[in-house]
**Student:** 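Right, I'll just put the structure down here and ask away after.
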Amino acid sequence: MLIELFKTFSKIGAFTFGGGYAMIPMIETEVVDKHQWISREEFIDLIAIAQSCPGVFAINISTFIGFKLRREVGAVVAAIGAALPSFLIILLIAMFFHRFMDVPWVAAMFRGIRPAVVALIAVPTFNLAKSAHITLATCWIPIITALLIWLLGVNPVFIIIAAALIGYLYGQFISPTENDS
């Protein structure tokens, strides 16, 4: 199990580009669909937790999944598996990038990669919205949140705290019948 956990997260770390959010579809495919280590609902909850915790998203989510499967050892193995490929790739790039950063075709490649990275982040965002059951009635929540952060510069930590408090109050006082079922 530990070897499979390491191999899975190494593959995720090596073959996904664009940061943690771009990894979401591959992580979901591997841990929910292929290995069935966690359910889709658990995965959505883990995404929320991983986003709320400090640190790198991919490391956070791999640590949570590893811990669920094999406690502390699983957490360490999964985290190393997720981090090692990226670390090695970044190390190689850092060693040679200064020699190539002024080469026109290299600069053109990076200009071409930027829009693709935006798409790699946008697709899982829309898939998460669908999985989290965001509807036309609730779509105002992520829109207002994004506007508060983007336009007004509200610290995301305050958004997370407010959302947790509102969710708690909603669950306790406004919608008690939903909690009973």
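Residues: numbered from 1 along the sequence shown. All values reported here derive from a predicted model rather than from experimental measurement.
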**Student:** Please identify each residue that fulfils side chain to side chain donor-acceptor pair (under 3.5 Å) with Asn155, with sequence neighbours left out.
**Tutor:**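 Per chain and number, Asn155 pairs via side chain to side chain donor-acceptor pair (under 3.5 Å) with no residue.
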**Student:** Roughly how far, to the nearest 0.5 Å, is the CD1 atom of Ile24 from the CE atom of Met26?
**Tutor:**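 With rounding to 0.5 Å, CE (Met26) is 14.0 Å from CD1 (Ile24).
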**Student:** Under the rule for side chain to side chain donor-acceptor pair (under 3.5 Å), what residues qualify as partners of Lys7, not counting sequence neighbours?
**Tutor:**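 Counting only residues at least two positions away or on another chain, Lys7 forms no side chain to side chain donor-acceptor pair (under 3.5 Å).
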**Student:** Which residues, ordered by chain and number, are linked to Ile59 in its hydrophobic cluster, where ILVMFWY side chains connect at heavy-atom gaps below 4.5 Å, directly or through other members?
**Tutor:**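 Taking Ile, Leu, Val, Met, Phe, Trp and Tyr as members, Ile59 shares its hydrophobic cluster with Val56.
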**Student:** To the nearest 0.5 angstrom, please state how far the CD atom of Glu30 sits from the CD atom of Glu4.
**Tutor:**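 CD of Glu4 is found 8.5 Å from CD of Glu30.
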**Student:** Give the cluster check for Phe110 versus Met95: same hydrophobic cluster or not, with ILVMFWY residues linked at side-chain heavy-atom distances below 4.5 Å.
**Tutor:**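 In one cluster: yes.
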**Student:** Got a sec, which residues hit side-chain contact (heavy atoms from CB on, under 4.5 Å) with Ile90, two or more places apart in sequence or on another chain?
**Tutor:**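 Per chain and number, Ile90 pairs via side-chain contact (heavy atoms from CB on, under 4.5 Å) with no residue.
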**Student:** Check Ile134 against Cys139 and note the closest heavy-atom contact, atom names and distance.
**Tutor:**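 Scanning both residues, the minimum pair turns out to be CG2-CA, 3.8 Å.
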**Student:** Looking at residues at least two apart in the chain, or sitting in another chain, which of them share a side-chain contact (heavy atoms from CB on, under 4.5 Å) with Ser10?
**Tutor:**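 Scan of Ser10 (side-chain contact (heavy atoms from CB on, under 4.5 Å), adjacent residues dropped) gives Phe6, Pro85.
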**Student:** Let me check something: do Ile144 and Ile159 share a hydrophobic cluster, defined by ILVMFWY side-chain heavy atoms less than 4.5 Å apart, either directly or through other members?
**Tutor:**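 Yes, it is one cluster - the side chains of Ile144 and Ile159 are joined through contacts under 4.5 Å.
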**Student:** Is there a side-chain contact between Phe9 and Leu84 (heavy atoms, below 4.5 Å)?
**Tutor:**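 They are not in side-chain contact.
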**Student:** Just jot down the side-chain contact (heavy atoms from CB on, under 4.5 Å) partners of Ile161, sequence neighbours excluded, or say none.
**Tutor:**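 Val157.
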**Student:** For residues 44-54, tabulate all N or O donor-acceptor pairs below 3.5 Å that involve a side-chain atom, not counting sequence neighbours.
**Tutor:**
from: Ser52; atom 1: OG; to: Ala48; atom 2: O; distance (Å): 2.7

**Student:** Applying a strict under-4.5 Å side-chain criterion to I, L, V, M, F, W and Y, I'd like to know whether Val117 and Phe57 cluster together.
**Tutor:**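 Same cluster.
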**Student:** Side-chain contact test, heavy atoms from C-beta onward, threshold under 4.5 Å: evaluate it for Leu152 versus Leu147 and give yes or no.
**Tutor:**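 The answer is no, as the side chains (C-beta and beyond) never meet within the 4.5 Å cut-off.
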**Student:** Considering only distance and modelled atom types, tabulate donor-acceptor pairs under 3.5 Å from the side chains of residues 65-80, sequence neighbours left out.
**Tutor:**
from: Lys68; atom 1: NZ; to: Glu42; atom 2: OE2; distance (Å): 3.4

**Student:** If you measure from CD1 on Ile38 to CD1 on Ile27, what distance do you get to the nearest 0.5 Å?
**Tutor:**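 CD1 of Ile27 is found 9.5 Å from CD1 of Ile38.
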**Student:** How about Leu151: does its CG atom have over 12 heavy atoms from other parts shown lying under 6.0 Å from it?
**Tutor:**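 Counting other residues, nucleotides and ligands, CG of Leu151 exceeds 12 neighbours.
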**Student:** Do any pairs count as a ring-ring contact (aromatic ring centres under 6.0 Å, His included) and have a residue in residues 26-53, sequence neighbours left out, and if so which ones?
**Tutor:**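 The answer is His35-Trp37.
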**Student:** Do you know which two heavy atoms are closest between Met23 and Gly13, and how far apart they sit?
**Tutor:**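 Heavy-atom minimum between the residues: CE-CA, 4.0 Å.
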**Student:** Partners of Phe126 by ring pair (Phe, Tyr, Trp, His ring centres under 6.0 Å), sequence neighbours excluded?
**Tutor:**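 Checked Phe126 against ring pair (Phe, Tyr, Trp, His ring centres under 6.0 Å); zero matches.
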**Student:** Are Leu169 and Ile141 connected in a single hydrophobic cluster, I mean Ile/Leu/Val/Met/Phe/Trp/Tyr linked by side-chain heavy atoms less than 4.5 Å apart?
**Tutor:**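 No: no chain of side-chain contacts under 4.5 Å links Ile141 to Leu169.
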**Student:** How would you list all residue pairs meeting ring-ring contact (aromatic ring centres under 6.0 Å, His included) that involve residues 68-96, not counting sequence neighbours?
**Tutor:**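 Residue pairs passing ring-ring contact (aromatic ring centres under 6.0 Å, His included), neighbours aside: none found.
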**Student:** In terms of hydrophobic clustering (I, L, V, M, F, W, Y; side-chain heavy atoms under 4.5 Å; direct or indirect links), are Trp140 and Leu148 co-clustered?
**Tutor:**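 The answer is yes; both residues are in one hydrophobic cluster.
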**Student:** Grab the two heavy atoms, one from Thr135 and one from Thr138, that are nearest each other, plus how far apart they are.
**Tutor:**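 That would be N-OG1, 2.9 Å.
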**Student:** Would you please name every residue forming a salt bridge (Lys or Arg N to Asp or Glu O under 4.0 Å) with Glu28, sequence neighbours left out?
**Tutor:**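 Testing Glu28 for salt bridge (Lys or Arg N to Asp or Glu O under 4.0 Å), a comparison that skips the adjacent residues, returns Arg40.
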